[in-house]
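Comments concern the structure below.
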Amino acid sequence: MIPLTLQIWLALCFDFLMGDPGWLPHPVRLIGRVAQLLEKPARRLFLNERLAGAVTAAIVIGGTAWVTWGLLRTAHRLSPLMGDLAAIGILYTTFAAKDLSAHSRAVWRALEAGNLAQARRAAARMVGRDTAGLEAPGVIRAAVESVAENTVDGVLAPLFFAFLFGPVGAMTYKAINTLDSTFGYRNDRYRHFGWASARIDDAANYIPARLSLVFIAIGALFTGGRCGRTFGIGLRDARKHASPNSGYAESAFAGALGVQLGGPLLRNGHPEATPLLGDAIIPLGQNHILSANLLMSAALISATVLMSGARLLVEAILK
């Protein structure tokens with residue numbers, strides 16, 4: 001049987017090599033679809049919107065954990081090798097480093113070619129803000145901020161839960177994060193229905209977001225970034241963000257890269273003010289998209305090494 005630590009390393013290698021092929025059915029898309037299908041029945045059964053949303057979240061999260069556990073148990077019964085392959089395959093689907101890099105590089109390539117319209121379209125695939133009217137600096141900012149924020153959601157948090165609870169933990173986290181992406185909006189439709197999904201996601205990301213300061217700082221150390229400012233700016237500016245978690249990685253990236261993120265944006269045609277994070281030591285340029293990708297990868301490697309060491313140490317103590 002392959003140890004969990006090695007399973008995680010192999011899954012990360014597969015993500016690095018393959019990313020998320022469009023032709024391959026992805027569990028996250030299935031989870032999102034199931035959540036959407038449950039919304040109407042839940043609203044009919046429960047007049048209280050918060051209760052309806054909480055029941056929907058509980059079914060999706062519990063169902064994801066149960067199905068993942070069942071698949072692994074069935075695979076292990078067939079053979080230990082099948083069980084290991086199933087575990088590695090499930091873990092692989094929970095990591096999104098390759099896709100995050102690919103989407104942001106598409107923005108960089110379009111800007112490098114002088115095709116602002118294409119860069120806007122590529123940025124729109126990464127962020128929820130309006131990109132149609134953005135000039136190049138706004139497109140660059142959107143891409144860098146997306147890489148920073150998703151370093152936690154798409155990389156470090158699933159890795160954290162994988163080391164703690166294996167494939168079931170990583171996939172359950174993805175269900176939580178998908179629920180927040182589906183229902184966690186502060187609009188008339190989801191302000192109450194999505195309350196539970198948003199709060200559960202906040203709780204799940206609480207520790208990974210704060211640990212990200214350490215991993216991003218180490219990543220900055222090995223990629224020519226500003227290690228000291230990563231911590232300083234992260235601790236100074238993280239709590240300015242409306243999200244209890246998103247500000248940590250974004251502030252850390254701003255400090256490491258020596259740039260300023262945040263500021264005004266448009267979402268669904270409405271202006272929205274977001275806090276300024278970091279100091280504009282260097283003007284934000286298109287090559288910062290590549291620097292952000294490199295920093296994300298370095299943070300992932302440092303996190304994997306440290307978490308592997310911590311798990312192996314705990315296992316040795318418990319033997």
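Just so it is clear, the structure is predicted and the values come from calculations on it, not from any experiment.
Distance check: K98 NZ to S297 OG gives 9.5 Å after rounding to the nearest 0.5 Å. Here the CG-NE2 distance, from L295 to H288, works out to 11.0 Å after rounding to the nearest 0.5 Å. Taking OG1 from T94 and CG from L12, the interatomic distance works out to 8.0 Å, rounded to the nearest 0.5 Å.
The two residues G19 and Y92 have their closest heavy-atom pair at O-OH, 2.6 Å. Summarising the geometry of G184 relative to A198, their closest heavy-atom pair is CA-CB, 4.3 Å, with the distance given to 0.1 Å. Across S146 and V127, no two heavy atoms sit closer than the pair CB-CG1, 3.8 Å. Of all heavy-atom pairs spanning L261 and E250, the tightest one is CD1-O, 3.7 Å. Across every non-hydrogen atom of N177 and D201, the tightest pair is ND2-OD1, 3.2 Å. In plain terms, the two heavy atoms of L300 and A97 that are nearest each other are CD2-CB, 3.9 Å.
V168 places none of its side-chain heavy atoms less than 4.5 Å from the side chain of T64. Using a 4.5 Å heavy-atom threshold, the side chains of Y248 and V152 count as separate. Within the 4.5 Å cutoff, no side-chain heavy atoms of L45 are placed close to those of K40. With contacts defined as side-chain heavy-atom distances shorter than 4.5 Å, the pair H76/M1 qualifies. Residues R267 and H270 fail the side-chain proximity criterion, which asks for heavy atoms closer than 4.5 Å. A heavy-atom distance below 4.5 Å is found between the side chains of L306 and I218.
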Run the salt bridge (Lys or Arg N to Asp or Glu O under 4.0 Å) test on D279 and R236 for me, step by step, so that the C-alpha distance in whole Å, both residues' side-chain angles and the decisive distance to 0.1 Å come before the verdict. CA-CA 11 Å; D279 300 320; R236 187 192 77 183; 3.0 Å; yes
R105 vs E112, test: salt bridge (Lys or Arg N to Asp or Glu O under 4.0 Å). Steps then yes/no. CA-CA 10 Å; R105 282 177 178 274; E112 188 74 0; over 6 Å; no
Residues D180, R199; criterion salt bridge (Lys or Arg N to Asp or Glu O under 4.0 Å); working and verdict: CA-CA 8 Å; D180 182 58; R199 297 291 79 75; over 6 Å; no
Kindly indicate, with the supporting measurements, whether the criterion salt bridge (Lys or Arg N to Asp or Glu O under 4.0 Å) is fulfilled by E135 and R120. CA-CA 8 Å; E135 296 301 322; R120 289 166 174 165; 3.6 Å; yes
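Between the side chains of W9 and S308, at least one donor-acceptor pair of N or O atoms lies under 3.5 Å. Using modelled atom types, one finds a donor on one side chain and an acceptor on the other under 3.5 Å when comparing R210 with N245.
Between the side chain of T230 and the main chain of G255, no donor-acceptor pair closer than 3.5 Å is present. Within the 3.5 Å criterion, the main-chain N or O of S101 finds a donor-acceptor partner in the side chain of S104.
Under a hydrophobic clustering in which Ile, Leu, Val, Met, Phe, Trp and Tyr are joined whenever their side-chain heavy atoms come within less than 4.5 Å, directly or via other members, F215 and L257 fall into the same cluster. Both L30 and W69 are assigned to one and the same hydrophobic cluster, defined by single-linkage of ILVMFWY side chains at heavy-atom distances under 4.5 Å. Using a 4.5 Å cut-off between side-chain heavy atoms of Ile, Leu, Val, Met, Phe, Trp and Tyr, with links allowed through other members, L211 and F163 fall into the same hydrophobic cluster.
Note on D20 versus R29: salt bridge recorded, some NZ/NE/NH1/NH2 to OD/OE distance being below 4.0 Å. A salt bridge does not link R189 with E49: none of the charged nitrogens is closer than 4.0 Å to a carboxylate oxygen. Under the 4.0 Å criterion applied to side-chain N and carboxylate O atoms, E315 and K319 are not assigned as salt-bridge partners.
Applying the side chain to side chain donor-acceptor pair (under 3.5 Å) test to N287 and every residue at least two apart in sequence or in another chain returns W108.
Taking the ring centre of F193 as origin, the terminal cationic atom of R50 falls outside the region bounded by 6.0 Å and 45° from the ring axis.
Under the side chain to side chain contact (heavy atoms under 4.5 Å, CB included) test applied with I61, the options T178, T56, L179 reduce to a single match, L179. D237 pairs in a side-chain hydrogen bond (donor to acceptor under 3.5 Å, both in side chains) with only one of the listed residues (R239, K240, H241), which is K240.
Y190 and F183 have tilted rings, their planes meeting at an angle from 30° to 60° on a 0 to 90° scale.
Around the CD1 atom of I207, the shell of radius 6.0 Å holds no more than 12 heavy atoms that belong to other residues, nucleotides or ligands.
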